[in-house]
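The block underneath contains the structure these notes are about, expressed in structure tokens.
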Protein chains: 2
Amino acid sequence: MSDFSSLRIEHPPSTLREIALEKVRNAIIAGIFQPGQRLVERVLCEQMGVSRTVIREVIRHLESEGLIEVIPNQGPAVARIDWDTARQIYEIRSLLESEAAAACAQSITRSGLEELRMALENLETGTHAENPAAMLDATTAFYKTIFTVAGKHIAWEIVDRLNGRISLLRVLTLGTGERTRTGPKRMRDIYDAIAAREPHEAAAACRKHLREASEIARLILTKPENGPA
Amino acid sequence: MSDFSSLRIEHPPSTLREIALEKVRNAIIAGIFQPGQRLVERVLCEQMGVSRTVIREVIRHLESEGLIEVIPNQGPAVARIDWDTARQIYEIRSLLESEAAAACAQSITRSGLEELRMALENLETGTHAENPAAMLDATTAFYKTIFTVAGKHIAWEIVDRLNGRISLLRVLTLGTGERTRTGPKRMRDIYDAIAAREPHEAAAACRKHLREASEIARLILTKPENGPA
DNA sequence: TTTTGTAATATGGTATACCATAGTATGGTA
DNA sequence: TACCATACTATGGTATACCATATTACAAAA
């Protein structure tokens with residue numbers, strides 16, 4: 001059998017619904033729509049130039065993702081996040097990411113390692129350029145590569161979704177000076193452990209990274225009663 | 001401040017959408033709609049007596065949950081599950097459930113233990129009565145209690161959702177004689193370890209339970225090329 | 001001035017209508 | 001008989017219209 005994989009036609013978001021889904025999700029993750037903010041359907045329709053049918057389906061999807069919460073008798077709003085929730089999310093990520101990093105360290109190939117290195121470089125470039133969007137993309141690509149190499153796409157779906165909810169914190173971190181500076185450093189540690197094919201080291205580096213991130217979130221969420229944001 | 005919590009009005013599924021969501025989800029989990037089966041919107045509308053608007057929003061929600069997959073240029077269908085996916089799901093559940101059981105064993109109270117014992121009894125009653133629905137409910141209640149006591153509601157949401165996808169296997173297990181008989185036995189092991197406040201034992205019992213369940217799934221999914229169901 | 005009742009408005013819930021297209025059937029021609 | 005073109009049909013994508021209700025604004029009465 002010949003290899004037709006190169007003929008595969010990508011499936012870019014083609015329907016209005018898929019386009020709108022991406023836009024609204026990105027707007028929430030980027031903090032353009034802030035946690036707690038009401039998302040009035042007709043307003044979104046006008047902003048995006050689509051019908052309520054489309055917007056409502058998008059809302060249902062994001063509700064199921066946990067980025068939107070629907071308040072009974074009131075309607076949809078951007079989800080809020082409190083410390084208890086954030087703590088649990090970091091804990092779950094720590095379990096899944098450390099496991100994936102360990103598996104990745106055992107099975108990574110030369111080309112996978114190259115992919116990982118590129119993501120890391122993009123991250124470091126973005127960090128120097130103070131480009132938050134590029135940093136986010138590079139971080140996502142880095143972890144996605146780890147999970148893909150480890151053959152754990154289900155776990156990646158979960159982590160990716162959890163990351164969306166964690167991003168609801170970002171708008172708060174901008175207000176404070178608490179930005180994490182150590183992130184890229186820790187990710188290089190993870191990379192080095194994987195490159196050295198040291199599963200135990202890789203897992204430990206993941207856990208350390210997330211423990212630090214979690215600590216920063218705790219400071220933000222418990223101090224000035226940012227609580228339910 | 002007085003305690004008005006007893007005045008709280010429960011929020012039963014009130015909108016047609018919420019009712020339809022429950023019904024369709026249950027129908028998929030119960031195997032009434034089989035994996036791979038097309039879910040034609042207008043047919044569902046007629047069956048449930050609601051409009052397409054409602055059905056489409058339900059489909060979006062269940063799509064995001066992974067119970068429905070939408071085939072481009074064709075439409076929605078009940079999701080199929082293959083061994084690779086099932087394997088990953090069992091692996092993730094093993095991580096999360098063992099962690100929760102350990103935490104539960106450390107912090108459980110007398111009333112929590114009582115709740116757990118009742119779920120276990122319901123499970124054993126349902127097993128003797130050959131009542132699959134009751135067994136499923138009791139199993140869900142058992143694990144939900146464990147996660148709740150451990151203070152891990154986010155992890156519970158994830159496990160609950162993964163269980164929905166695993167239930168896509170059930171329709172296959174009915175065909176074979178491979179039903180698990182050891183399930184209730186293993187859950188009693190978990191209960192005993194928690195009651196004895198032995199975190200390590202509880203986690204080990206969880207892992208053993210899931211390793212067995214995973215093995216049964218492997219036999220079903222890899223043998224007669226039930227593959228993508 | 002405060003309170004209460006009523007009218008107006010904002011907003012989500014639901015149904016329906018219309019459109020585009022992929023798949024299918026049908027018929028005609030080589 | 002085989003193949004191709006055309007018409008038809010099934011089905012998802014999108015927009016719009018209407019309804020019910022919660023909230024708000026306002027006015028009148030105590």
Side-chain angles (χ1 to χ4, degrees), chain A residues 4 7-25 27-28 33-80, chain B residues 4 7-25 27-28 33-80:
Chain A
F4 288 101
L7 295 180
R8 177 173 215 86
I9 294 174
E10 285 301 322
H11 175 61
S14 50
T15 65
L16 291 182
R17 169 169 52 87
E18 289 171 303
I19 298 168
L21 176 62
E22 289 300 311
K23 292 217 174 196
V24 176
R25 186 196 281 124
I28 292 175
F33 296 142
Q34 301 208 352
Q37 179 180 336
R38 291 273 276 98
L39 295 175
V40 177
E41 297 174 359
R42 285 174 173 85
V43 174
L44 284 180
C45 293
E46 223 172 292
Q47 289 178 338
M48 308 193 56
V50 297
S51 74
R52 274 184 71 208
T53 313
V54 168
I55 289 296
R56 282 180 62 89
E57 291 184 20
V58 166
I59 287 172
R60 295 288 90 77
H61 196 111
L62 293 174
E63 179 189 5
S64 175
E65 272 185 35
L67 288 179
I68 287 180
E69 53 193 5
V70 176
I71 305 153
N73 291 330
Q74 187 164 357
V78 178
R80 289 163 291 124
Chain B
F4 289 102
L7 295 181
R8 176 170 216 88
I9 294 174
E10 284 301 322
H11 175 59
S14 51
T15 65
L16 291 182
R17 169 168 53 84
E18 288 170 302
I19 297 168
L21 177 61
E22 290 300 311
K23 292 218 175 199
V24 176
R25 185 197 280 123
I28 293 175
F33 296 143
Q34 301 206 354
Q37 180 179 338
R38 287 287 315 282
L39 296 176
V40 177
E41 296 173 358
R42 285 173 174 84
V43 174
L44 284 180
C45 293
E46 225 173 289
Q47 289 177 339
M48 310 196 53
V50 297
S51 74
R52 275 183 70 208
T53 314
V54 168
I55 289 296
R56 282 179 63 88
E57 291 184 21
V58 166
I59 288 172
R60 295 289 90 76
H61 196 111
L62 293 174
E63 180 189 4
S64 175
E65 273 186 31
L67 288 180
I68 286 179
E69 54 192 8
V70 176
I71 305 152
N73 291 331
Q74 187 163 356
V78 178
R80 288 163 291 121

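Within every chain, numbering begins at 1; the chains are lettered A, B, ... in the order of the sequence lines, protein sequences first and strands thereafter.
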Can E57(B) and R60(B) be counted as an ion pair, charged N to O under 4.0 angstrom? no
Base paired to dA30(C) (Watson-Crick or G-U; both N/O distances under 3.5 angstrom):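 Across all strands, the one nucleotide that pairs with dA30(C) is dT1(D).
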[X] side-chain proximity, nearest of [options]:
| X | options | result |
| --- | --- | --- |
| P76(A) | dG12(D), dG12(C), dG13(D) | dG12(C) |
| T53(B) | dT14(D), dT11(C), dA15(C) | dA15(C) |
| R42(A) | dG13(D), dG13(C), dA15(C) | dG13(C) |
| N73(A) | dA22(D), dG12(C), dT14(D) | dA22(D) |
| R17(A) | dT11(D), dT14(C), dT14(D) | dT14(D) |

N/O (side chain, [X]) to phosphate O (OP1/OP2, [N]) under 4.0 Å:
| X | N | answer |
| --- | --- | --- |
| S51(A) | dA15(D) | yes |
| R52(B) | dA15(C) | no |
| R38(A) | dG12(C) | yes |

With hydrogens left out and only the distance checked, is there a donor-acceptor pair under 3.5 Å joining R56(B)'s side chain and the base of dG12(D)?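 Check fails, no donor-acceptor contact within cut-off.
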Can you find a pair of side-chain heavy atoms, one from M48(A) and one from V24(A), that are under 4.5 Å apart?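 With C-beta onward as the side chain, the pair touches.
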Report yes if the side chains of R17(B) and R56(A) come closer than 4.5 Å at any heavy-atom pair, otherwise no. yes
Given atom [atom1] of [X] and atom [atom2] of [N], what is their separation to the nearest angstrom?
| X | N | atom1 | atom2 | answer |
| --- | --- | --- | --- | --- |
| E46(A) | dT11(C) | CD | P | 11 Å |
| L16(A) | dC19(C) | CG | P | 16 Å |
| E41(B) | dC18(C) | CD | P | 18 Å |
| E57(B) | dA15(C) | CD | C1' | 12 Å |
| I55(B) | dT11(D) | CD1 | C1' | 15 Å |
| L44(B) | dT11(D) | CG | C1' | 13 Å |
| E18(A) | dG12(D) | CD | P | 15 Å |

Criterion side chain to side chain contact (heavy atoms under 4.5 Å, CB included) on E65(B) and R25(B), from CA distance to verdict: CA-CA 10 Å; E65(B) 273 186 31; R25(B) 185 197 280 123; 2.6 Å; yes
Verify the neighbour count for atom CD of E46(B): are there more than 12 heavy atoms of other residues, nucleotides or ligands below 6.0 Å? no
Nearest-nucleotide comparison on DNA chain D, the residue closer to the 5′ end among G49(A) and Q74(A):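 By nearest-heavy-atom nucleotide position, the 5'-most residue is G49(A).
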For a quick check of understanding: with a heavy-atom distance under 4.0 Å over all strands, which category does I59(B) fall into, base, sugar-phosphate or nothing?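 Result for I59(B) = nothing.
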Need one value for V50(B): base, sugar-phosphate or nothing, where a base atom within 4.0 Å counts as base even if backbone is also close, heavy atoms only. sugar-phosphate
